[in-house]
Amino acid sequence: MNTVHPLPRHLAVILDGNRRWALAHQVPAVEAYRLGARRVHELVQCCEEVSIPYVTVWALSGNNLQRGDTTARSILDVVLDGLTDMAATGRWHIRAIGAPGLLGEPQAAVLASIAKDTREFRHVTVNVALAYDGRAEIVAAVKAMLSDDRTKVEPITEDTVARYLSTAGQPDIDLTIRTSGEKRLSGFMPWQTTQAELYFTDTHWPDFTPAHLREALDWFAGRDRRFGL
């Protein structure tokens with residue numbers, strides 16, 4: 001992929017439309033998620049090629065995990081297999097955010113192992129949001145901040161709160177892409193997306209190729225980002 005300027009430092013993607021793609025192609029939902037996992041791999045490869053250092057993908061919401069136990073667990077297995085394959089590249093730091101503990105102890109252990117094994121890989125840092133809720137993240141951050149002795153002797157600022165978020169130490173999101181036609185964030189990272197450009201496409205996630213990413217990056221490059229000034 002040819003380099004586009006300017007580029008987001010932090011790209012986020014809401015991976016929407018897997019089930020709609022499966023319905024349209026008359027295949028089980030798990031097949032859509034399997035193809036979607038390959039698309040995530042391609043996405044991160046492309047981001048590495050153009051030097052986007054941080055990528056966040058919303059892979060599964062809490063609602064996804066409540067849509068029938070057997071199907072949900074099969075989909076989660078596909079997601080974990082995809083992340084294991086990505087970890088095997090030895091290039092990307094892959095870390096789960098959200099509430100991975102709600103996925104089950106064995107699955108949470110796999111995610112913790114992937115994060116540990118890839119922590120020295122810094123070509124791209126990949127945040128994978130699983131059972132994620134944006135308000136819950138902010139509540140957890142505030143609770144952690146208030147229980148930290150450091151905050152009792154220093155002013156509380158936006159930077160202070162940001163230290164306790166799942167993306168602590170990372171830049172805020174510059175570009176958020178949502179696939180499959182929905183035009184809302186659905187509680188996705190309300191703190192980190194405050195100044196993000198929002199790009200919506202009708203393409204279902206399993207059909208989202210590097211060419212679609214290039215279109216989104218071209219669109220971003222043409223934005224006049226004045227940040228309210």
Side-chain angles (χ1 to χ4, degrees), residues 1-50 52 54-68 71-72 74-76 78-79 82-83 86 98 124 126-134 172-190 192-225:
M1 177 181 289
N2 295 330
T3 303
V4 179
H5 294 286
L7 288 163
R9 295 172 303 162
H10 191 163
L11 169 70
V13 187
I14 301 174
L15 314 178
D16 201 7
N18 290 290
R19 291 175 181 274
R20 276 168 275 185
W21 184 93
L23 184 62
H25 290 79
Q26 298 183 326
V27 298
V30 69
E31 294 302 320
Y33 280 89
R34 185 170 287 113
L35 176 55
R38 293 200 293 271
R39 294 302 191 203
V40 172
H41 197 127
E42 293 173 356
L43 174 83
V44 178
Q45 283 183 319
C46 292
C47 288
E48 180 182 354
E49 290 173 10
V50 299
I52 296 174
Y54 296 96
V55 177
T56 297
V57 295
W58 195 2
L60 288 174
S61 68
N63 289 336
N64 291 141
L65 297 173
Q66 296 171 7
R67 294 175 175 173
T71 299
S74 297
I75 290 170
L76 180 56
V78 167
V79 171
L83 296 179
M86 290 174 61
V124 181
V126 185
N127 307 307
V128 182
L130 298 165
Y132 176 85
D133 178 88
D172 280 345
I173 294 168
D174 296 303
L175 171 62
T176 299
I177 299 171
R178 181 166 188 165
T179 57
S180 201
E182 302 295 345
K183 295 179 173 61
R184 60 181 183 273
L185 295 184
S186 300
F188 177 69
M189 292 200 157
Q192 298 92 331
T193 58
T194 300
Q195 297 292 341
E197 302 294 326
L198 307 179
Y199 182 88
F200 302 106
T201 173
D202 291 335
T203 303
H204 298 321
W205 176 248
D207 285 331
F208 192 90
T209 66
H212 292 100
L213 176 60
R214 175 57 186 252
E215 290 176 5
L217 294 178
D218 283 341
W219 176 88
F220 177 82
R223 299 291 297 162
D224 181 13
R225 305 188 75 208

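Being a predicted model, the structure only gives us computed values, none of them experimental.
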Handout entry: Heavy-atom side-chain contact between Val128 and Val40 under 4.5 Å
Key = no
Handout entry: Minimum heavy-atom distance Ala22-Ala32, with the two atoms named
Key = CB-CB, 3.9 Å
Completion exercise
Smallest heavy-atom separation, Val44 atom then Met86 atom, equals CG2-CE, 3.7 Å
Practice task
Find the distance between OG1 (Thr209) and CD (Glu42) and round it off to the nearest 0.5 Å.
Solution key: 7.5 Å
Completion exercise
Separation between CG (Leu11) and CG (Leu217), nearest 0.5 Å, reads 6.5 Å
Handout entry: Residue pair Ile173 / Ala196: nearest heavy atoms and the distance that separates them
Key = O-CB, 3.4 Å
Practice task
Compute whether any side-chain donor of one residue and acceptor of the other, for Thr201 and His212, lie under 3.5 angstrom apart.
Solution key: no
Exercise for the section: Using a 4.5 Å cut-off on heavy atoms from C-beta on, say whether the side chain of Leu198 contacts that of Leu185. Expected result: yes
Handout entry: Value rounded to 0.5 Å, distance of CH2 in Trp58 from CD1 in Ile177
Key = 15.5 Å
Practice task
Considering non-hydrogen atoms only, spot the tightest contact between Arg178 and Arg184 and give its length.
Solution key: NH1-O, 2.7 Å
Handout entry: Residue pair Cys46 / Leu213: nearest heavy atoms and the distance that separates them
Key = CB-CD2, 3.6 Å
Handout entry: Any side-chain heavy-atom pair of Ser180 and Asp202 under 4.5 Å
Key = no
Problem - Any Phe220 side-chain heavy atom under 4.5 Å of Leu7 side chain - result: no
Problem - Rounded distance [0.5 Å steps], CZ in Phe188 versus OH in Tyr132 - result: 6.5 Å
Practice task
Find out whether Val30 and Arg34 are in side-chain contact, i.e. whether some heavy atom of one side chain is under 4.5 Å from a heavy atom of the other.
Solution key: yes
Problem - From CA spacing to verdict: side chain to side chain contact (heavy atoms under 4.5 Å, CB included), Trp219, Leu175 - result: CA-CA 10 Å; Trp219 176 88; Leu175 171 62; 3.9 Å; yes
Exercise for the section: Check the side chains of Thr56 and Asn127 for a donor-acceptor pair under 3.5 angstrom, ignoring hydrogens and angles. Expected result: yes
Handout entry: Closest approach of Trp205 to Gly36 (non-hydrogen atoms, all atoms of both residues)
Key = NE1-O, 3.0 Å
Exercise for the section: For Glu197, enumerate each residue passing the side-chain hydrogen bond (donor to acceptor under 3.5 Å, both in side chains) test, keeping only those at least two apart in sequence or located in another chain. Expected result: Arg223, Arg225
Fill in the blank from the handout: Separation between CG (Asp207) and CG (Leu35), nearest 0.5 Å, reads 7.0 Å
Problem - Validation row: Leu43, Val13 side chains within 4.5 angstrom (heavy atoms) - result: yes
Exercise for the section: Kindly compute the distance separating CD (Glu31) from CG (Asn18), expressed to the nearest 0.5 Å. Expected result: 12.0 Å
Exercise for the section: Tell me, with the steps shown, if Thr179 and His204 meet side-chain hydrogen bond (donor to acceptor under 3.5 Å, both in side chains). Expected result: CA-CA 6 Å; Thr179 57; His204 298 321; over 6 Å; no
